[in-house]
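So the structure is just underneath, and the comments pick up after that.
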Amino acid sequence: MPIEDLFGDGLKVINIGLESFATGIRQAGGEAVHVEWRPPAEIAPGLMERVRAHAGAIRTANAEAAKRFLAGAPFVVGMGRAGEVIPGMRRDLLLHAGPPVDWARMCGPMRGAVLGALIYEGMAATPADAERLAAAGKVSFAPCHEHGAVGPMAGVVSWSMPVFVIRNETFGNLAFTTQNEGLGKVLRYGAYGEDVIRRLKWMEETLYPALRQAVEHLGRIDLKAVIAQALHMGDEVHNRNRAATSLLYRTLAPAVVRTAPDPGTAAAVLEFIGGNDHFFLNLSMAACKALLDPLAGIPGCSLVTVMARNGTEFGVKLAGTGGRWFTGPAPVPDALYFPGFSKADANPDIGDSAITETGSLGGFAIAAAPAIVQFVGGSAADAAQYTLQMYEITETEHTAWQIPGLNFRGTPVGIDAVKVVSTGILPFIDTGVAHRDAGVGQVGAGVLTAPMEPFRRAFEAFAETLNQ
Amino acid sequence: MIIKGKIKPGEYFDSVTLMLVGRDLTGLAGVQDAAVIMGTRENLAILEASGLLCAELAAAGETDLLLAVKAADGETAARALDAAERLLAERKGKTADQAAGFSVRSLDGALRAQPGSQLALISVAGRYAAAEAWNALDRGLHVMLFSDNVTLESEIALKRAARDRGLLVMGPDCGTAILNGVPLGFANAVERGAVGIVAAAGTGLQEVSVIVSNAGAGISQALGTGGRDVKEAVGGIMFVEALQALAGDPATAVILLVSKPPHPSVMERVAETCRTISKPVVSIFLGAPPDGAGVFSTHAAATLEEAALVAARIARDGAAAAAEAAGCVRRELDARDATLLAEADPLAAGLAPGRRYLRGLFSGGTFCSEAQVILRGKLSALWSNAPAGDARALDDPLHSRENTLVDLGEDAFTVGRPHPMIDYDLRQRRMADELRDPETAVILLDVVLGFGSHPDPAGELAPLVRDAAGKVCVVCSVTGTDRDPQNRSRVERALTEAGARVMPSNAAASLLAGAVCACRQR
């Protein structure tokens, strides 16, 4: 294209830097859009140039990854005990949220969940016994993500816990997630009292058999369709799951009634789901996990396949950097706290639930959830602004998941680590907040911006995978 | 410590709104804890656990809204409860749509917000600028790099890539350009017309575009390249690209080249390109041997003013009259210069004994160079912090000696402060210094108008010009048009009324200032 093609009438300018230049251009009859520019991440010299030299190949790889994500079709296809269905599961293994972490570096709420799980499994009689067991190295720990699973908050999964089995019908891969316990003092927030264990037992002995039969009766449940509808009904399926849970309830209820051993059980199961707005959260997470796993291993792909936190560190994986975790310290969220609690009580960010943001939902789709915009400044416009910013670091837009308030624009799909470090714009995540001490539980809910460190490290490792 | 509570029967807010109001209440002076929640059984348990459950709330029902505060005294608690009701009322009335426009945070975001964007104007700190320029080129955008401190290697790589893709990279350190009549960076509101400019000198571009416009012609395009483009290392990549683009532009009838003398290898490349162009080419390579460019350009001018006037005349009279244009302009300028020189003697005669020297205080680097070129051979003992021609380098740019011409836009002056075209403080203080020096005869100034420049330069300079009256002769030129935000006529009038001699160009101002001092130094 010769330079002369630029010559003519009018000029459309992108202004990056001094804002007064944009003003001058507009005064003189030109058009200008001003970029609210921020310095990019500091990265090792030469790496951005290397990435640029491979831009064509990266573009192709990222487009392929986005295609796979959009082609995915996650369905609930059954239920089972973790020990029976999760690959590599052992009786002495506990899965947890986020990147790898050992007992010594575990935060309070995750330790609490570990104690609870050991008591629940009958491996320890008291919290003190459980603590000795964990500290002595008698149990091993591994990230849920390394076993095809995802868990909210502490995300602890043990041998006997029932899990949903989700299959991505397009690619055949499976994902696993537990049944959501509800709010208040629950294992995932680090509570391990008797009532917590009792509820888990009820979920294992009553809820699970009923749901398993209901799912068998239904054959499968289309999670992609539920999420698409819920986005139209005010959910972003991370901090707000009220619509999605209701839709799931509507699907499950007749099946539960038909298959439950008695009306009392059916009622108790449906009351439990109906009384827990977040029941769908684990499924929206597993749907995203099932959609994202087929992206892993695409060479030269700079898209993020995992964002997850263990309450100590924030971890990231990229499609093009194999199984490596890239981590940095987990930040403490900006939150609204329950009465009697403050930021001083808050644990650093925890949970696998950022898989929803990785999958274009949650904070990335907050413009779809006006009911919770108080978390981001109080107006629907604030929420729209957050979602709009996420389009600047993503590969494409969803074809089925839409945001009504943005004229049914698709959700922002495929976080590109190259765009994150070169714009300095970080993923925006909805989250719950756990008390920093084991045993207390949830103290608030809010939002946070992902830390730059894991993305910087991921970017550098990604650049190293490219030929010089 | 006192606990007070209130029930608002049947009121409903979502839990997040309630938490938010609770947080605001807890922030009030004297309030230790507060809760604003619906009266469910679970919430009553929470209130009890946090010690906020008081007698007033005991009868609450599931659909009631509860307010509870723990405060230092009863009065504070009552005030906090009032505040809670007020905050809730505000929440109700809050309109959803506050922001009309959404901010854009990246180049890609800008491309989505403004489809069909053609050019990225980049003025971020130099160390980040190249990366942004690459992003822009990769998306097929032309680039103007206002930023300086971009490495030479980056400049070369960017310009080579741009050439391969048919894109412009103007800069780094390109302060001004005019594209399709739209001024970019520091530029003036000039008429559109048939003169196309390629410039490796920023204020040089402003001066010629303004003179062309004020002479009744206009500018098709004015493309900057940054000063380093015409050095050997870059090899004039963009200078030649821009020249060829104007050659192929049907709206451009005459091409005007502006630069300090390019490296000989670059000069040769420019000459080669010019030989393939059928349009008239007027050049001003400031300080180059007068006929150096004569071999390839239709006319090689000695000053920015002359170059601009010749180009304007060719644009008006057509290419056929190009041969005579130069002669006509030269004759008019000679006549004008003769009247100026005649003014010098009476001006010099009015100065006190001992006042001998010229002090030029420039905001435009090209003007400082041009003044030195014009005064070459006319004044001896010429010093500058940016020496050109015969001038010698000042050891200390902060202090003048004998005849001194300083470029106040040089790094020594601008690190950590705005450019002197924007901020007149530095020039005001330096001018006050020069006025105190009993040897100062003439102060020579450039006043640059246009987008980005100071909105009221006359207001900044007039008080000092008045101080000079009767002691020191102030000579200046005003680079601008009547369509500029500052309005050239108004600025000229204000400076004239203050007592300055306002000249139509930097060349004329330099000539007059030099002549007055020459009289004093005889």
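Chain letters run A, B, ... following the sequence lines, proteins first, then strands; residues in each count from 1.
- Between chain A and the residues Ala129(B), Gly185(B), Gly22(B), Gly452(B), the largest count of heavy-atom pairs under 4.5 Å involves Gly185(B).
- Judged purely by atom type and a 3.5 angstrom limit, Thr245(A) uses its side chain to pair as donor or acceptor with the backbone of Asp277(A).
- Contact tally against chain B (heavy-atom pairs below 4.5 Å) for Thr423(A), Leu18(A), Thr23(A): the top residue is Leu18(A).
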Given the rule in the side-chain contact (heavy atoms from CB on, under 4.5 Å) test, do Leu167(B) and Val143(B) qualify, once you have shown the distances and angles that lead to the verdict?
CA-CA 8 Å; Leu167(B) 294 170; Val143(B) 171; over 6 Å; no
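- With a 4.5 angstrom heavy-atom cutoff, Glu42(A) touches chain B only via side-chain atoms.
- Chain B forms more heavy-atom pairs under 4.5 Å with one residue of Phe338(A), Tyr337(A), Trp37(A) than with any other, namely Trp37(A).
- The greatest number of non-hydrogen atom pairs below 4.5 Å with chain A, out of Ser147(B), Ser123(B), Ala242(B), Ser50(B), is found for Ser123(B).
- When all heavy atoms are compared, the tightest approach of Phe7(A) to Ala245(B) is CE1-O, 3.8 Å.
- In this structure, chain A has heavy atoms under 4.5 Å from both the backbone and the side chain of Ala120(B).
- Counting heavy-atom pairs closer than 4.5 Å to chain B, the top residue among Ser422(A), Gly17(A), Ala383(A), Ser20(A) is Gly17(A).
- Of the atoms belonging to Asp249(B), heavy atoms from both backbone and side chain fall under 4.5 Å from chain A.
- With salt bridges taken as basic N to acidic carboxylate O contacts below 4.0 Å, none links Asp430(A) and Arg240(A).
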Pairs of donor and acceptor atoms involving the side chains of residues 24-33 of chain A, under 3.5 Å and at least two apart or interchain, shall be tabulated with distances.
unit_1   : atom_1 : unit_2   : atom_2 : d
Arg26(A) : NE     : Ala32(A) : O      : 3.1
Arg26(A) : NH2    : Ala32(A) : O      : 3.0

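- With chain A as the partner, the residue from Ala189(B), Gly116(B), Ala113(B) showing the most heavy-atom pairs under 4.5 Å is Gly116(B).
- Residue with the most contacts toward chain A among Asn135(B), Leu47(B), Ile46(B), Leu184(B): Leu184(B) (heavy-atom pairs, distance under 4.5 Å).
- Proximity to chain A (any heavy atom under 4.5 Å) is restricted, for Ala34(B), to the backbone atoms N, CA, C and O.
- Only the side chain of Asp138(B) comes within less than 4.5 Å of a heavy atom in chain A; its backbone stays farther off.
- Applying a 4.5 Å heavy-atom cutoff, the residues of residues 49-57 of chain A that approach chain B are Arg52(A).
- Using a 30° and 60° split on the angle between ring planes, Phe146(B) and Phe21(A) fall in the perpendicular class, above 60°.
- No donor-acceptor pair under 3.5 Å is formed between the side chain of Asn407(A) and the backbone N or O of Arg409(A).
- In this structure, no portion of Gln32(B) lies under 4.5 Å from any heavy atom of chain A.
- Between chain A and the residues Ala68(B), Gly109(B), Ala187(B), the most heavy-atom pairs under 4.5 angstrom are made by Gly109(B).
- Annotation for Ser209(B) and Ile219(B): closest pair CA-CD1, 3.8 Å, computed over non-hydrogen atoms.
- For residues 6-16 of chain A, the side chain to side chain donor-acceptor pair (under 3.5 Å) pairs, not counting sequence neighbours, are Asp9(A)-Arg192(B), Asn15(A)-His34(A).
- With a threshold of 4.5 angstrom between heavy atoms, Leu141(B) approaches chain A through side-chain atoms but not through N, CA, C or O.
- For Glu132(B), the part sitting under 4.5 Å from any heavy atom of chain A is the side chain, from C-beta outward, and nothing else.
- Among all heavy-atom pairs drawn from Val433(A) and Gly446(A), the shortest one is CG2-N, 4.5 Å.
- Taking CD1 of Ile16(A) as the start and CD of Glu36(A) as the end, the distance is 12.0 Å to the nearest 0.5 Å.
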With side chain to side chain donor-acceptor pair (under 3.5 Å) as the criterion, how do Ser302(A) and Asp416(A) come out once you've worked through the C-alpha distance, each side chain's angles and the decisive distance to 0.1 Å?
CA-CA 6 Å; Ser302(A) 59; Asp416(A) 185 347; 2.7 Å; yes
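- Here Leu11(A) contributes atom CG and Leu119(B) contributes atom CG; the two are 6.0 Å apart, rounded to the nearest 0.5 Å.
- In Arg139(B), the CZ atom is crowded: over 12 heavy atoms of neighbouring residues, nucleotides or ligands sit closer than 6.0 Å.
- A side chain to side chain donor-acceptor pair (under 3.5 Å) check over residues 172-191 of chain B, counting only residues at least two apart or in different chains, returns the pairs Asn180(B)-Gln221(B), Asn188(B)-Gln206(B), Asn188(B)-Asp484(B), Glu191(B)-Arg483(B).
- Of the two parts of Ala251(B), neither the backbone nor the side chain holds a non-hydrogen atom closer than 4.5 Å to a non-hydrogen atom of chain A.
- The candidate from Leu246(B), Thr252(B), Asp108(B), Leu179(B) with the greatest count of non-hydrogen atom pairs under 4.5 Å with chain A is Leu179(B).
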